[in-house]
Amino acid sequence: MSLLVVGSVAFDDIETPYGRAQRTLGGAASYFALAASHFTPVRMVAIVGDDFTDKEKAVFRGRKIDLTGLEHASGKTFFWAGRYSLNMNERTTLATELNVFAGFRPTLPDPYLDSSYIFLGNIDPSLQRSVLKQVKRKPKVAGLDTMNYWIEGTPAELRETLKHVDILTINDDETRQLTGEHNLLRAAKHVFKMGPRTLIIKRGEHGALMIHDGFIFSVPAFPLEEVRDPTGAGDTFAGGFMGYLAGAGRANEQTLRSAMVYGSVLASFTVERFGVERLASVTRKEIVARARRFARLTTFKL
Ligand code: AMP
(Lines give C-alpha, C1' and ligand atoms only; values in the text may rest on other atoms or scores of the structure.)
Protein backbone atom coordinates (compact mmCIF):
# COMPACT_ATOMS: atom_id res chain seq x y z
CA MET A 1 0.00 0.00 0.00
CA SER A 2 1.12 3.53 -0.71
CA LEU A 3 2.95 5.38 1.99
CA LEU A 4 2.97 9.16 2.12
CA VAL A 5 5.81 11.02 3.81
CA VAL A 6 6.04 14.72 4.55
CA GLY A 7 9.28 16.24 5.76
CA SER A 8 12.49 18.00 4.88
CA VAL A 9 14.64 17.59 1.81
CA ALA A 10 17.95 19.32 2.36
CA PHE A 11 21.53 19.92 1.50
CA ASP A 12 23.74 18.92 4.43
CA ASP A 13 27.31 19.66 5.43
CA ILE A 14 28.43 16.88 7.75
CA GLU A 15 31.64 16.53 9.71
CA THR A 16 32.50 13.37 11.65
CA PRO A 17 35.83 11.96 12.89
CA TYR A 18 35.87 9.97 9.64
CA GLY A 19 35.69 12.88 7.25
CA ARG A 20 33.45 15.45 5.75
CA ALA A 21 30.68 15.73 3.18
CA GLN A 22 29.62 19.02 1.67
CA ARG A 23 26.21 19.86 0.25
CA THR A 24 25.26 16.24 0.29
CA LEU A 25 21.61 15.27 -0.20
CA GLY A 26 19.87 15.06 3.19
CA GLY A 27 16.64 15.83 4.97
CA ALA A 28 14.38 13.47 6.87
CA ALA A 29 12.07 12.81 3.90
CA SER A 30 15.01 11.80 1.70
CA TYR A 31 16.29 9.15 4.12
CA PHE A 32 12.76 8.00 4.89
CA ALA A 33 11.70 7.62 1.25
CA LEU A 34 14.86 5.80 0.16
CA ALA A 35 14.49 3.30 3.00
CA ALA A 36 10.72 2.77 2.67
CA SER A 37 10.82 2.34 -1.11
CA HIS A 38 12.38 -1.09 -0.65
CA PHE A 39 9.04 -2.31 0.68
CA THR A 40 6.28 -0.16 -0.78
CA PRO A 41 5.61 2.76 -3.16
CA VAL A 42 6.32 6.10 -1.49
CA ARG A 43 4.66 9.47 -2.11
CA MET A 44 6.81 12.39 -1.12
CA VAL A 45 5.60 15.80 0.06
CA ALA A 46 8.44 18.27 0.53
CA ILE A 47 9.87 21.52 -0.81
CA VAL A 48 13.13 22.35 -2.57
CA GLY A 49 14.61 25.48 -4.13
CA ASP A 50 15.85 26.15 -7.63
CA ASP A 51 19.33 24.93 -6.66
CA PHE A 52 17.85 21.43 -6.45
CA THR A 53 18.42 20.05 -9.90
CA ASP A 54 17.82 16.83 -11.82
CA LYS A 55 21.21 15.65 -10.57
CA GLU A 56 19.93 15.58 -6.97
CA LYS A 57 16.58 14.15 -8.03
CA ALA A 58 18.31 11.30 -9.83
CA VAL A 59 18.83 9.50 -6.50
CA PHE A 60 15.06 9.05 -6.19
CA ARG A 61 14.48 7.98 -9.79
CA GLY A 62 14.19 4.34 -10.74
CA ARG A 63 12.72 3.63 -7.32
CA LYS A 64 9.14 3.47 -6.19
CA ILE A 65 9.24 7.12 -5.12
CA ASP A 66 6.58 9.46 -6.50
CA LEU A 67 7.88 13.04 -6.61
CA THR A 68 4.64 14.72 -7.75
CA GLY A 69 4.38 16.25 -4.28
CA LEU A 70 7.94 17.64 -4.31
CA GLU A 71 7.33 21.36 -4.67
CA HIS A 72 9.87 23.57 -6.40
CA ALA A 73 9.96 27.11 -5.04
CA SER A 74 12.17 29.99 -6.03
CA GLY A 75 15.01 30.39 -3.57
CA LYS A 76 17.46 28.06 -1.92
CA THR A 77 16.86 24.56 -0.61
CA PHE A 78 16.93 24.01 3.17
CA PHE A 79 20.53 23.78 4.36
CA TRP A 80 21.80 22.11 7.53
CA ALA A 81 25.33 21.68 8.86
CA GLY A 82 26.42 19.52 11.78
CA ARG A 83 29.56 18.23 13.46
CA TYR A 84 29.89 15.05 15.53
CA SER A 85 32.07 14.56 18.60
CA LEU A 86 34.94 12.06 18.61
CA ASN A 87 32.74 9.24 19.97
CA MET A 88 29.92 10.40 17.65
CA ASN A 89 27.43 10.45 20.52
CA GLU A 90 27.08 14.20 20.43
CA ARG A 91 26.21 16.43 17.54
CA THR A 92 26.55 20.18 17.27
CA THR A 93 24.35 21.97 14.78
CA LEU A 94 26.52 24.53 13.00
CA ALA A 95 23.90 25.97 10.68
CA THR A 96 20.18 25.71 9.98
CA GLU A 97 19.14 27.81 6.99
CA LEU A 98 15.46 27.20 6.41
CA ASN A 99 15.34 29.03 3.06
CA VAL A 100 12.29 27.79 1.06
CA PHE A 101 11.43 25.44 3.94
CA ALA A 102 10.32 28.50 5.96
CA GLY A 103 7.35 29.00 3.60
CA PHE A 104 6.48 25.31 3.31
CA ARG A 105 2.73 24.66 3.40
CA PRO A 106 2.36 20.99 2.48
CA THR A 107 -0.18 20.50 -0.30
CA LEU A 108 -1.16 16.99 -1.33
CA PRO A 109 -1.59 16.37 -5.05
CA ASP A 110 -4.98 14.75 -5.84
CA PRO A 111 -3.60 11.23 -6.38
CA TYR A 112 -2.13 11.32 -2.85
CA LEU A 113 -5.49 11.95 -1.15
CA ASP A 114 -6.28 8.25 -0.75
CA SER A 115 -3.04 7.50 1.16
CA SER A 116 -3.68 5.01 3.91
CA TYR A 117 -0.19 4.94 5.46
CA ILE A 118 1.20 8.33 6.40
CA PHE A 119 4.38 9.46 8.08
CA LEU A 120 4.58 13.00 9.41
CA GLY A 121 8.27 13.85 9.54
CA ASN A 122 9.69 16.34 11.99
CA ILE A 123 8.07 19.65 11.00
CA ASP A 124 5.74 22.17 12.67
CA PRO A 125 2.94 20.12 14.32
CA SER A 126 0.25 22.34 12.80
CA LEU A 127 1.61 21.55 9.32
CA GLN A 128 1.69 17.86 10.22
CA ARG A 129 -1.99 18.13 11.16
CA SER A 130 -2.81 19.96 7.92
CA VAL A 131 -1.60 16.89 6.02
CA LEU A 132 -3.95 14.63 7.96
CA LYS A 133 -6.80 17.04 7.26
CA GLN A 134 -6.23 16.85 3.50
CA VAL A 135 -6.53 13.08 3.08
CA LYS A 136 -9.96 11.71 2.20
CA ARG A 137 -10.27 9.22 5.05
CA LYS A 138 -8.63 8.51 8.33
CA PRO A 139 -5.39 6.69 7.47
CA LYS A 140 -4.90 3.05 8.45
CA VAL A 141 -1.65 3.99 10.17
CA ALA A 142 -0.31 7.48 10.86
CA GLY A 143 3.19 7.84 12.31
CA LEU A 144 4.79 11.02 13.62
CA ASP A 145 8.29 12.17 14.44
CA THR A 146 9.06 15.30 16.41
CA MET A 147 11.88 16.92 18.39
CA ASN A 148 12.59 19.04 21.48
CA TYR A 149 12.14 22.26 19.47
CA TRP A 150 8.41 21.52 18.95
CA ILE A 151 7.92 19.83 22.35
CA GLU A 152 9.13 23.03 24.07
CA GLY A 153 8.01 25.62 21.52
CA THR A 154 4.52 24.53 20.46
CA PRO A 155 3.31 22.02 23.08
CA ALA A 156 -0.42 22.70 22.57
CA GLU A 157 -0.19 22.27 18.78
CA LEU A 158 1.78 19.07 19.23
CA ARG A 159 -0.75 17.66 21.71
CA GLU A 160 -3.58 18.41 19.27
CA THR A 161 -1.77 16.65 16.41
CA LEU A 162 -0.86 13.64 18.55
CA LYS A 163 -4.58 12.94 19.10
CA HIS A 164 -4.77 11.83 15.45
CA VAL A 165 -1.65 9.68 15.33
CA ASP A 166 -1.12 5.94 15.91
CA ILE A 167 2.67 5.71 16.21
CA LEU A 168 5.09 8.17 17.76
CA THR A 169 8.84 7.84 17.05
CA ILE A 170 11.13 9.93 19.27
CA ASN A 171 14.33 9.50 21.31
CA ASP A 172 14.49 8.86 25.06
CA ASP A 173 15.20 12.46 26.10
CA GLU A 174 12.29 13.68 24.01
CA THR A 175 10.02 11.03 25.52
CA ARG A 176 10.91 12.28 29.00
CA GLN A 177 10.51 15.89 27.97
CA LEU A 178 7.13 15.29 26.36
CA THR A 179 5.68 13.37 29.30
CA GLY A 180 7.58 14.77 32.29
CA GLU A 181 8.21 11.15 33.29
CA HIS A 182 11.70 9.68 33.59
CA ASN A 183 10.78 5.99 33.48
CA LEU A 184 10.13 5.08 29.84
CA LEU A 185 7.46 2.47 30.54
CA ARG A 186 5.51 4.92 32.64
CA ALA A 187 6.18 7.64 30.06
CA ALA A 188 4.61 5.39 27.42
CA LYS A 189 1.37 5.30 29.43
CA HIS A 190 1.27 9.10 29.26
CA VAL A 191 1.85 8.93 25.50
CA PHE A 192 -1.03 6.46 25.08
CA LYS A 193 -3.33 8.95 26.78
CA MET A 194 -2.26 11.59 24.24
CA GLY A 195 -3.37 9.48 21.26
CA PRO A 196 -0.71 7.10 19.89
CA ARG A 197 -1.07 3.38 20.69
CA THR A 198 2.55 2.69 19.89
CA LEU A 199 5.65 4.50 21.11
CA ILE A 200 8.96 3.82 19.41
CA ILE A 201 11.95 5.14 21.28
CA LYS A 202 15.01 5.57 19.05
CA ARG A 203 18.17 5.03 21.04
CA GLY A 204 20.94 5.48 18.48
CA GLU A 205 23.74 2.96 18.95
CA HIS A 206 21.55 1.19 21.55
CA GLY A 207 18.85 0.31 19.05
CA ALA A 208 15.14 0.95 19.42
CA LEU A 209 12.40 0.09 21.87
CA MET A 210 8.75 -0.32 20.91
CA ILE A 211 6.17 0.03 23.65
CA HIS A 212 2.74 -0.93 22.47
CA ASP A 213 -0.45 -0.91 24.47
CA GLY A 214 -0.14 -4.67 25.16
CA PHE A 215 3.44 -5.72 24.40
CA ILE A 216 6.98 -4.43 24.33
CA PHE A 217 9.75 -5.26 21.86
CA SER A 218 13.37 -4.23 21.69
CA VAL A 219 15.92 -4.39 18.87
CA PRO A 220 19.63 -3.66 19.10
CA ALA A 221 21.51 -1.55 16.60
CA PHE A 222 23.22 -3.96 14.22
CA PRO A 223 26.88 -4.24 15.36
CA LEU A 224 29.13 -2.69 12.72
CA GLU A 225 32.87 -2.30 12.35
CA GLU A 226 32.48 0.92 10.41
CA VAL A 227 30.21 3.75 11.53
CA ARG A 228 31.11 6.86 9.61
CA ASP A 229 28.11 9.18 9.81
CA PRO A 230 25.03 8.73 12.04
CA THR A 231 23.05 11.46 10.24
CA GLY A 232 19.62 10.29 9.17
CA ALA A 233 19.74 6.99 11.05
CA GLY A 234 16.46 7.78 12.83
CA ASP A 235 14.71 8.84 9.63
CA THR A 236 15.99 5.74 7.86
CA PHE A 237 14.74 3.61 10.73
CA ALA A 238 11.30 5.23 10.44
CA GLY A 239 11.33 4.65 6.67
CA GLY A 240 12.21 0.97 6.99
CA PHE A 241 9.65 0.56 9.77
CA MET A 242 6.71 2.32 8.10
CA GLY A 243 7.65 0.94 4.67
CA TYR A 244 7.54 -2.60 5.99
CA LEU A 245 4.12 -2.04 7.61
CA ALA A 246 2.67 -0.46 4.46
CA GLY A 247 4.12 -3.27 2.35
CA ALA A 248 2.55 -5.87 4.66
CA GLY A 249 -0.74 -3.93 4.64
CA ARG A 250 -1.38 -4.45 8.34
CA ALA A 251 -0.02 -3.40 11.69
CA ASN A 252 -0.47 -6.35 14.02
CA GLU A 253 1.99 -7.56 16.66
CA GLN A 254 3.90 -9.73 14.19
CA THR A 255 4.30 -7.06 11.47
CA LEU A 256 5.18 -4.40 14.06
CA ARG A 257 8.00 -6.64 15.38
CA SER A 258 9.35 -7.39 11.89
CA ALA A 259 9.10 -3.70 10.99
CA MET A 260 11.33 -2.85 13.96
CA VAL A 261 13.99 -5.23 12.65
CA TYR A 262 13.84 -3.89 9.09
CA GLY A 263 14.03 -0.33 10.41
CA SER A 264 17.16 -1.22 12.33
CA VAL A 265 18.65 -3.10 9.35
CA LEU A 266 18.13 -0.15 6.99
CA ALA A 267 19.56 2.32 9.52
CA SER A 268 22.67 0.15 9.85
CA PHE A 269 23.40 0.69 6.15
CA THR A 270 22.90 4.47 6.35
CA VAL A 271 25.53 4.98 9.05
CA GLU A 272 28.22 3.07 7.16
CA ARG A 273 28.80 5.97 4.75
CA PHE A 274 28.15 9.71 4.60
CA GLY A 275 24.69 11.08 3.84
CA VAL A 276 22.48 8.80 1.76
CA GLU A 277 25.42 7.24 -0.12
CA ARG A 278 25.14 3.72 1.28
CA LEU A 279 21.36 3.77 1.62
CA ALA A 280 21.04 4.73 -2.03
CA SER A 281 23.07 1.74 -3.18
CA VAL A 282 21.86 -1.00 -0.84
CA THR A 283 20.10 -3.88 -2.58
CA ARG A 284 17.14 -6.02 -1.56
CA LYS A 285 19.52 -8.99 -1.33
CA GLU A 286 21.81 -7.16 1.11
CA ILE A 287 18.82 -6.12 3.24
CA VAL A 288 17.52 -9.67 3.46
CA ALA A 289 21.00 -11.05 4.25
CA ARG A 290 21.46 -8.55 7.07
CA ALA A 291 17.96 -9.27 8.43
CA ARG A 292 18.95 -12.98 8.60
CA ARG A 293 22.12 -12.08 10.50
CA PHE A 294 19.97 -9.92 12.75
CA ALA A 295 17.79 -12.92 13.56
CA ARG A 296 20.88 -14.97 14.47
CA LEU A 297 22.16 -12.09 16.59
CA THR A 298 19.04 -12.04 18.73
CA THR A 299 17.79 -15.66 18.83
CA PHE A 300 18.52 -17.89 21.81
CA LYS A 301 17.19 -21.03 23.46
CA LEU A 302 15.16 -20.62 26.62
P1 AMP B 1 18.64 13.01 12.10
O2 AMP B 1 20.06 12.55 12.04
O3 AMP B 1 17.66 11.88 12.21
O4 AMP B 1 18.41 14.07 13.11
O5 AMP B 1 18.29 13.67 10.69
C6 AMP B 1 19.17 14.54 10.09
C7 AMP B 1 18.50 15.20 8.90
O8 AMP B 1 17.50 16.10 9.38
C9 AMP B 1 19.49 16.01 8.09
O10 AMP B 1 19.57 15.46 6.80
C11 AMP B 1 18.94 17.43 8.10
O12 AMP B 1 18.90 17.99 6.82
C13 AMP B 1 17.53 17.30 8.65
N14 AMP B 1 17.22 18.40 9.59
C15 AMP B 1 18.04 19.03 10.45
N16 AMP B 1 17.39 20.00 11.13
C17 AMP B 1 16.10 19.98 10.71
C18 AMP B 1 14.92 20.75 11.01
N19 AMP B 1 14.94 21.76 11.90
N20 AMP B 1 13.77 20.44 10.38
C21 AMP B 1 13.74 19.43 9.49
N22 AMP B 1 14.81 18.70 9.12
C23 AMP B 1 15.98 18.95 9.71
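Both ligands and their constituent atoms are indexed starting at 1 by order of listing. This one's a predicted model, so the numbers in the text were calculated from it and none came from an experiment.
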Practice task
Mind telling me whether Y262 and F39 have parallel, tilted or perpendicular rings, with 30° and 60° as the class edges?
Solution key: perpendicular
Would you tabulate the side-chain donor-acceptor contacts of residues 207-227 under 3.5 Å, counting partners in other chains and residues two or more places apart, or write 'none'?
| unit_1 | atom_1 | unit_2 | atom_2 | d |
| --- | --- | --- | --- | --- |
| H212 | ND1 | T198 | OG1 | 2.9 |
| E226 | OE1 | R273 | NH1 | 3.1 |

Problem - Mutual orientation of the aromatic rings belonging to F11 and F52 [parallel < 30°, tilted 30-60°, perpendicular > 60°] - result: tilted
Expected rows: ligand 1 N/O, protein N/O, dist below 3.5 Å:
| unit_1 | atom_1 | unit_2 | atom_2 | d |
| --- | --- | --- | --- | --- |
| ligand 1 | 2 (O) | R91 | NH1 | 2.9 |
| ligand 1 | 2 (O) | G232 | N | 2.8 |
| ligand 1 | 3 (O) | D235 | OD2 | 3.1 |
| ligand 1 | 4 (O) | R91 | NH2 | 2.8 |
| ligand 1 | 5 (O) | D235 | OD2 | 2.9 |
| ligand 1 | 10 (O) | D12 | OD2 | 2.4 |
| ligand 1 | 10 (O) | G27 | N | 2.7 |
| ligand 1 | 12 (O) | D12 | OD1 | 2.7 |
| ligand 1 | 12 (O) | D12 | OD2 | 3.4 |
| ligand 1 | 12 (O) | G27 | N | 3.4 |
| ligand 1 | 22 (N) | S8 | OG | 2.9 |

Taking distance alone, no hydrogens or angles, what donor-acceptor pairs closer than 3.5 Å link side-chain atoms of residues 94-101 to residues at least two apart or in another chain?
| unit_1 | atom_1 | unit_2 | atom_2 | d |
| --- | --- | --- | --- | --- |
| N99 | ND2 | T77 | O | 2.9 |
| N99 | ND2 | E97 | O | 3.4 |

Would you tabulate the side-chain donor-acceptor contacts of residues 125-136 under 3.5 Å, counting partners in other chains and residues two or more places apart, or write 'none'?
| unit_1 | atom_1 | unit_2 | atom_2 | d |
| --- | --- | --- | --- | --- |
| S126 | OG | D124 | OD1 | 2.8 |
| Q128 | NE2 | L120 | O | 3.3 |
| Q128 | NE2 | G121 | O | 2.7 |
| Q128 | NE2 | D145 | O | 3.1 |
| R129 | NH1 | E157 | O | 3.3 |
| R129 | NH1 | E157 | OE1 | 3.0 |
| R129 | NH1 | T161 | OG1 | 3.0 |
| R129 | NH2 | E157 | OE1 | 3.1 |
| S130 | OG | L127 | O | 2.8 |
| Q134 | OE1 | L108 | N | 2.9 |
| Q134 | NE2 | P106 | O | 2.9 |
| Q134 | NE2 | S130 | O | 3.2 |

Problem - Geometric cation-pi criterion, R197 with F192: 6.0 Å, 45° - result: no
